[in-house]
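First the structure, in the form of structure tokens, and then the observations on it.
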Protein chains: 2
Amino acid sequence: MATVSVRDVAALAGVSVGTVSNVLNRPEKVSPSSVQRVHDAIDKLGFVRNDAARQLRAGRSHSFGLIVLDAGNPFFTDLARGAEDRAAADGLSILLGNSGNDLRREAAYLDLFETQRVSGVLISPFGEQVARLERLRDRGIPAVLVDRAARGTSFSSVSVDDVSGGRIAAQHLLDIGRRRLAFVGGPRSIRQVSDRLFGAHSAVEATAGGSIEVVATSDLTVLEGRRAGAELAARTPGDRPDGIFCANDLVAVGVLQGLGILGGIRVPDEIALIGYDDIAFAQATVVPLSSVRQPSGLIGRTGLELLLAESSDGPPDEPQHIVYQPELVVRASTAV
Amino acid sequence: MATVSVRDVAALAGVSVGTVSNVLNRPEKVSPSSVQRVHDAIDKLGFVRNDAARQLRAGRSHSFGLIVLDAGNPFFTDLARGAEDRAAADGLSILLGNSGNDLRREAAYLDLFETQRVSGVLISPFGEQVARLERLRDRGIPAVLVDRAARGTSFSSVSVDDVSGGRIAAQHLLDIGRRRLAFVGGPRSIRQVSDRLFGAHSAVEATAGGSIEVVATSDLTVLEGRRAGAELAARTPGDRPDGIFCANDLVAVGVLQGLGILGGIRVPDEIALIGYDDIAFAQATVVPLSSVRQPSGLIGRTGLELLLAESSDGPPDEPQHIVYQPELVVRASTAV
DNA sequence: CGTTGTCAATGAATCGTTTCATGCTAGTCC
DNA sequence: GGACTAGCATGAAACGATTCATTGACAACG
């Protein structure tokens with residue numbers, strides 16, 4: 001159980017500890033023969049760097065913290081993956097925290113990251129943590145917000161344009177000739193919902209003969225979607241929309257069930273249907289769902305890059321707000 | 001940006017650094033008045049413990065590593081949550097790694113955990129990491145395998161009895177009076193698949209008049225399930241099973257689509273259907289799916305407890321293999 | 001030949017916390 | 001009053017990697 005340190009490696013290789021450290025960190029500064037001997041010694045002893053000592057000396061860790069709202073959500077797992085891959089490219093790592101929409105957990109992760117002296121925090125904030133994040137920044141730990149345009153704060157952010165996504169979805173329905181649209185989703189207090197609806201509105205308003213009604217749901221679940229779908233199916237054919245845009249894919253799956261199974265309405269012939277988020281399930285419904293995809297991995301990668309920049313150059317004069325455009329994914333539910 | 005250390009706290013509180021440390025770690029050894037003054041100083045200076053220094057001194061970190069096969073899978077997010085909550089109860093934390101069925105990533109996380117000197121590793125192994133884990137154990141880092149009964153290795157494990165789960169599912173179909181069963185799933189090379197099938201077999205064999213046929217799929221996806229469902233629906237009524245057990249919920253969702261929408265067969269009246277895993281979607285299908293639920297959180301919690309024990313008492317003489325029983329969840333798809 | 005510069009290697013000092021042997025004080029007991 | 005004890009407090013040493021001022025060797029140059 002004897003723990004192997006640079007000291008032991010140095011002794012075996014017949015060099016000083018300083019040289020061992022140089023081999024580890026700037027091998028180009030060391031003569032090839034020393035490099036060789038040090039490596040041999042490392043292999044022989046099975047030396048593994050002690051990160052704690054490294055961090056202590058460096059004053060900060062080689063990790064970044066990432067707090068996501070829901071680790072089960074593919075959007076966030078992809079985002080995390082993007083950030084991780086970017087970090088790994090520089091030999092850095094990510095500490096992943098799942099706040100699960102819980103203020104206490106979110107705060108606990110920030111505490112943890114602070115005691116760990118991470119090099120930066122990437123967060124999709126649930127609570128109002130701006131004050132807390134400012135304190136971290138005062139201590140030299142930068143933060144970048146993801147999945148939320150943080151205009152008005154002094155933090156940089158990386159997000160997706162939900163307004164644009166809503167417009168893209170509605171425009172697609174209009175492009176395939178539908179004019180009487182419906183938006184299914186709610187509550188509007190969720191920013192994503194209101195943004196997507198707003199975008200849809202703007203597309204419809206720009207189109208002659210276009211109209212859009214809102215069918216509110218109490219949350220974004222399959223069940224609520226089904227209820228809304230059944231409600232629409234029960235209308236007389238003339239009163240029904242011919243294109244439906246749902247606030248997310250779960251709702252769309254429900255609407256599809258409500259229309260098709262319960263109401264006997266054919267998708268996309270009678271009503272075209274499009275969701276949002278492009279969850280894995282969207283491809284696997286009876287009629288595969290069209291959807292709007294967010295560049296989740298890219299968001300994570302970019303967020304990490306902003307952090308890297310801030311952690312080496314210090315805080316920027318002006319926070320950057322990077323907004324990505326979502327992408328339309330066409331499947332059978334809107335195929336004409 | 002001045003970094004605040006115990007030294008500063010001690011100076012402000014008018015005590016020694018040793019006393020500050022004692023307040024932090026064994027307040028009962030310190031006089032109430034000192035405790036008070038130290039806490040005041042901590043608050044005033046905004047002191048935050050430096051974990052790196054703590055770890056360095058302690059020789060090990062206050063974290064455990066957890067490697068899961070698929071961070072998006074609710075089974076693993078629940079498992080992680082269980083482990084985290086248990087760790088948090090002792091003021092410890094979890095470093096979560098998502099191997100995503102990738103050997104390189106799995107190995108990279110083990111490297112990371114080793115340099116971080118975690119107190120233990122909880123892993124749902126993808127590759128054959130036994131040798132690697134033994135090396136870690138030699139260095140004083142215990143490991144426990146989750147979601148895999150590790151008999152034959154010297155490591156403890158926590159898993160779920162898939163044979164029993166298969167039996168429970170099939171028995172349930174038999175209990176509601178079905179006799180001509182079908183098992184849909186594959187390939188059998190996946191241990192979960194063969195175990196569940198084996199369990200189902202054993203239930204059927206113990207029942208007079210019971211039979212079970214296997215409808216193989218090439219993987220466990222909705223698409224394959226739908227194909228299998230359509231195939232069964234195309235048979236003459238007398239040739240069809242009256243109860244179907246699917247290797248997982250995705251397949252079951254597909255079968256439901258194949259039978260119902262494409263074949264016009266009523267579930268559960270003509271054919272009862274049960275899946276496995278109880279994914280969130282199982283409740284949201286047109287006919288809510290019965291399923292078999294695994295105690296994921298409990299697995300994580302128990303795994304962490306084994307680790308805690310091993311990390312304080314040293315390796316046990318005999319590895320422990322804890323096997324939990326899955327639980328039947330009855331919904332409309334088998335309601336009689 | 002003496003000076004200068006380059007390249008390697010050295011090893012003591014450092015990061016911040018915890019531990020532990022030691023010291024001090026006040027109280028208790030005989 | 002002296003001998004102990006219990007209760008607190010002290011502060012130097014230790015953990016292991018990195019840094020940096022310094023040394024040494026050697027070549028190039030005038």
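Below, chain A is the first sequence line, B the second, and so on; all start at residue 1.
For the pair B:Val68 and B:Leu96, the minimum side-chain heavy-atom distance is below 4.5 Å. Residues A:Gln116 and A:Ser63 form no side-chain contact, since every pair of their non-hydrogen atoms from C-beta on lies 4.5 Å or further apart.
Using modelled atom types, one finds no donor on one side chain facing an acceptor on the other under 3.5 Å when comparing A:Arg81 with A:Ser296. Checked by atom type, the side-chain pair A:Thr19/A:Ser34 shows no donor-acceptor distance below 3.5 Å.
Within 4.0 Å (heavy atoms only), B:Asp51 reaches no atom of the nucleic acid at all. Among the protein residues, A:Arg57 comes within range of the nucleic acid bases, having at least one heavy atom under 4.0 Å from a base atom. Note on A:Arg49: only backbone sugar-phosphate atoms sit closer than 4.0 angstrom, heavy atoms only; bases stay farther off. Counting non-hydrogen atoms under 4.0 angstrom, A:Arg26 reaches the backbone sugars and phosphates but no base.
Listed by residue number, the members of residues 12-21 of chain A with any heavy atom below 4.0 angstrom from DNA chain D are A:Gly18, A:Ser21. Applying a 4.0 Å cut-off to non-hydrogen atoms, the residues of residues 41-48 of chain A that approach DNA chain D are A:Phe47, listed by residue number. Interface residues of residues 107-118 of chain A facing DNA chain C, ordered by number: none; criterion, heavy-atom separation under 4.0 Å.
Residue B:Arg7 places its CZ atom among 12 or fewer non-hydrogen atoms of other residues, nucleotides or ligands, all under 6.0 Å distant.
Taking the 5' to 3' direction, DNA chain D first and last meets chain A under 4.0 angstrom from a heavy atom at D:dG16 to D:dT19. On the nucleic acid side, DNA chain C has its first and last nucleotide under 4.0 Å of a heavy atom of chain A at C:dA8 to C:dG16, going 5' to 3'.
A cation-pi arrangement, defined by a distance under 6.0 Å to the six-membered ring centre and an angle within 45 degrees of its axis, is absent between B:Arg293 and B:Phe75.
Between B:Phe47 and B:Val6, the closest heavy-atom pair is CE1-N, 3.6 Å. Taking both residues in full, the closest heavy atoms of B:Leu103 and B:Gly127 are given as CD2-CA, 3.4 Å, listed atom of the first, atom of the second, then distance.
Residues passing the salt bridge (charged side-chain N to carboxylate O under 4.0 Å, His left out) test with A:Glu114, sequence neighbours excluded: A:Arg132, A:Arg135, A:Arg139. With sequence neighbours excluded, the residues satisfying salt bridge (charged side-chain N to carboxylate O under 4.0 Å, His left out) with A:Glu84 are B:Arg105. The side-chain contact (heavy atoms from CB on, under 4.5 Å) search around A:Ala108 returns none, not counting sequence neighbours. In this view, B:Asp147 satisfies the salt bridge (charged side-chain N to carboxylate O under 4.0 Å, His left out) rule with no residue, not counting sequence neighbours.
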Give the C-alpha distance, both sets of side-chain angles, the deciding distance and a yes or no for salt bridge (charged side-chain N to carboxylate O under 4.0 Å, His left out) between B:Asp40 and B:Arg37.
-> CA-CA 5 Å; B:Asp40 288 350; B:Arg37 270 179 303 145; over 6 Å; no

Does the pair B:Ser99 and B:Arg104 meet the rule for a side-chain hydrogen bond (donor to acceptor under 3.5 Å, both in side chains), with working shown?
-> CA-CA 8 Å; B:Ser99 73; B:Arg104 285 215 318 279; over 6 Å; no

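Taking the nucleotide of DNA chain D with the nearest heavy atom to each of B:Val30 and A:Ala52, the more 5' of the two is matched to B:Val30. Between A:Pro32 and B:Ala58, the residue whose closest nucleotide on DNA chain C is further toward the 5' end is A:Pro32. Toward the 5' end of DNA chain D, the nearer of the two residues B:Leu56 and B:Ser33, judged by each one's closest nucleotide, is B:Ser33.
Taking the C1' atoms of five terminal pairs at each end of the helix from C:dC1-D:dG30 to C:dC30-D:dG1, the two resulting helix axes are inclined by 50°, rounded to 10°.
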For residues 299-308 of chain A, dump all side-chain donor-acceptor pairs below 3.5 Å to protein atoms at least two apart in sequence or in another chain.
from: A:Thr302; atom 1: OG1; to: A:Leu298; atom 2: O; distance (Å): 2.7
from: A:Thr302; atom 1: OG1; to: A:Tyr324; atom 2: OH; distance (Å): 2.6
from: A:Glu305; atom 1: OE2; to: A:Arg86; atom 2: NE; distance (Å): 2.8

Review item, side-chain donor-acceptor pairs of residues 22-30 of chain A, under 3.5 Å, at least two apart:
from: A:Asn22; atom 1: OD1; to: A:Arg26; atom 2: NH1; distance (Å): 2.9
from: A:Asn22; atom 1: ND2; to: A:Gly18; atom 2: O; distance (Å): 3.4
from: A:Asn25; atom 1: OD1; to: A:Arg49; atom 2: NH2; distance (Å): 2.9
from: A:Asn25; atom 1: ND2; to: A:Ser21; atom 2: O; distance (Å): 2.9
from: A:Asn25; atom 1: ND2; to: A:Ser21; atom 2: OG; distance (Å): 3.4

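To the nearest 0.5 angstrom, B:Phe155 atom CZ is 8.5 Å from B:Glu310 atom CD. Interatomic distance, CD1 of B:Ile123 versus CD of B:Glu106, reported as 4.5 Å (0.5 Å rounding).
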